[in-house]
Amino acid sequence: MHAWLCTNPTGVDALAWTELPTPAPKAGEVLIAIKAASLNFPDLLIVQNKYQMKPPLPFVPGSEYAGVVEAVGEGVTHLRPGQSVACLTGTGGFGTHAVAPAALCMPLPEGFSHVDAAAFIMIYATSHHALVDRAQLKAGETVLVLGAAGGVGTAAIQIAKKMGARVIAAASTEEKCKLCVSVGADAVINYTEENLREAIKSLTDGKGPDVIYDPVGGDFTEPAFRSIAWRGRYLVVGFASGPIPALPLNLALLKGASIVGVFWGEFSKRERQANAAMMAELAAWYGEGAIKPVIDRTMPMAQLPAAYAHMGSRSVMGKLVMVN
Ligand SMILES: NC(=O)c1ccc[n+]([C@@H]2O[C@H](COP(=O)([O-])OP(=O)(O)OC[C@H]3O[C@@H](n4cnc5c(N)ncnc54)[C@H](OP(=O)(O)O)[C@@H]3O)[C@@H](O)[C@H]2O)c1
């Protein structure tokens, strides 16, 4: 097998496309021939030693992937060779093969493409957990999604629409705003050109959004929170812009509003049954066509450094997927 090996986590330039022995699955594991692997934000951080999880060296990055089971280890009963699966294991995906714990592999229903499956779990699980569980979003409410053309942003638009909400998508370019409309947004704000607070005010008749989904952080958080509706829920999803913002707490008091943390990875470990039920609902929504990952482009696995460069340029719309 071949894989992108990180022996020294100093950045993408230190990754090497390396020939390695194909491993045999141990008890409870499966060997997967990888067909597609998507880039997630943590994949960028982990090769620079900036992510909270620091895997022992050397490691193969690639948190999320899909492929075909080639062999199963002792005790694995729910998967068999030849079956297609999607996995989110944190590392291992940027190669031709990976050994994964069987418990972290989701069997794919008929018709679920490997490219879509590799770009599915992280973004939809995060946005479903955020909007359905943490925000208790109701039909008829208005949701503002920041960074709406990105991975979790596009998933949030689709899930909010599926739940009957009105969606205002905010993004940094006209091209990204157009994409958000094609994904289902009812209205858009280009926050590079428009004043965020004034645009929100005019699009909500002064009332403000009931739910704000924020994977960006930085300078937009405070103006967005100042615009939230009475009893609003502000979802803290991530800090893609870098800085972690602080908020004056009197703003929460004045609006009777909640600041709600979202940490899907921890939820999936602490509340396994609720997570499994959520994943089953998401697979059903995919089957009925209500949600579908936005794929910016697919690239050959051997071009991973170019894909990382594209991701770092803030121009990706939806998800980048590497294919074998
Ligand atoms: N809490 C959780 O459970 C959870 C789960 C998954 C991901 N996350 C976090 O959510 C965030 C977004 O993840 P993602 O996969 O959707 O990432 P993404 O596809 O790269 O999207 C992030 C968006 O942030 C905006 N952005 C603003 N400033 C940026 C900058 N300096 N560099 C890059 N992007 C910038 C961009 O939109 P504009 O150009 O339109 O501003 C971009 O589309 C990350 O911080 C990630 O770690 C959290």
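Side-chain atoms are counted along with the backbone in the values below, which use heavy atoms only and exclude waters and symmetry mates. Each ligand, and each atom within it, is numbered from 1 in the order the structure gives.
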Specify whether W17 and W4 have parallel, tilted or perpendicular ring planes, treating 30° as the upper limit for parallel and 60° as the lower limit for perpendicular. tilted
Check this for me, if you would: do E288 and K162 make a salt bridge, where the nitrogen-to-carboxylate-oxygen distance has to be below 4.0 angstrom? yes
Please could you name the atoms of ligand 1 that V262 approaches to less than 4.0 Å, counting only its heavy atoms? 1 (N), 2 (C), 3 (O)
Passing candidate, salt bridge (charged side-chain N to carboxylate O under 4.0 Å, His left out) with E141, options R231, R233, K207, R166: R233
Regarding T18 and H2, is there a side-chain donor-to-acceptor distance under 3.5 Å anywhere? no
Tell me, please: is N40 in heavy-atom contact with ligand 1, that is, under 4.0 Å? no
Yes or no: does F267 have any heavy atom under 4.0 Å from an atom of ligand 1? no
Pairs of nitrogen or oxygen atoms closer than 3.5 Å, one from A170 and one from ligand 1: do any exist? no
Around atom 11 (C) of ligand 1, find the nearest protein heavy atom and jot down its residue, atom name and distance. P215 O, 3.4 Å
Taking atom 46 (C) of ligand 1 as the reference point, the nearest protein heavy atom with its distance: F41 CB, 3.8 Å
Checking side chain to side chain contact (heavy atoms under 4.5 Å, CB included) against F94, which of L5, V47, L304 comes through? L304
Can you sort out which atoms of ligand 1 are near V216, meaning under 4.0 Å from one of its heavy atoms? 24 (O), 25 (C), 27 (C)
Does either side chain, that of D210 or that of W230, offer a donor lying less than 3.5 Å from an acceptor on the other one? no
When the ring planes of H129 and F267 are compared, do they come out parallel, tilted or perpendicular, using 30° and 60° as the limits? parallel
Closer than 4.0 Å to some heavy atom of A171 - which atoms of ligand 1 meet that? 40 (O)
In ligand 1, which numbered atoms sit nearer than 4.0 Å to a non-hydrogen atom of F263? 3 (O)
Where ligand 1 meets S172 - atom numbers and elements under 4.0 angstrom, heavy-atom basis: 38 (P), 39 (O), 40 (O), 41 (O)
Under 3.5 Å, is there a donor on one side chain and an acceptor on the other for S172 and Y191? no
I need the nearest protein heavy-atom contact for atom 26 (N) of ligand 1: residue, atom name and distance, please. R314 NE, 3.7 Å
N or O contact, G147 vs ligand 1, cut-off under 3.5 Å: no
Is a side-chain N or O of N49 found less than 3.5 angstrom from the main chain of P9, in a donor-acceptor match? no
Considering non-hydrogen atoms of the protein only, which is the closest contact for atom 42 (C) of ligand 1, and what is the distance? K176 NZ, 4.3 Å
Just need the protein heavy atom nearest to atom 19 (O) of ligand 1, so name the residue and atom and give the distance. G151 N, 2.8 Å
Is F239 touching ligand 1 with its side chain, its backbone, both, or neither, if touching means heavy atoms under 4.0 Å apart? backbone
Among protein heavy atoms, which lies nearest atom 8 (N) of ligand 1, and at what distance? V237 O, 3.8 Å
Strictly below 4.0 Å, N to O, side chains only: are K178 and E174 in salt-bridge contact? no
Side-chain donor-acceptor pair present, T96, N324, cut-off under 3.5 Å: no
What part of V152 sits under 4.0 Å from ligand 1 if we count only heavy atoms: the side chain, the backbone, both or neither? both
Starting from atom 30 (C) of ligand 1, which protein heavy atom do you reach first, and at what distance in Å? A240 O, 3.4 Å
Any N/O pair M122/ligand 1 closer than 3.5 Å: no
When distances are taken from atom 5 (C) of ligand 1, the protein heavy atom at minimum range is T126 OG1, 3.1 Å
Would you kindly say whether N275 and K269 are connected by a side-chain donor-acceptor distance under 3.5 Å? no
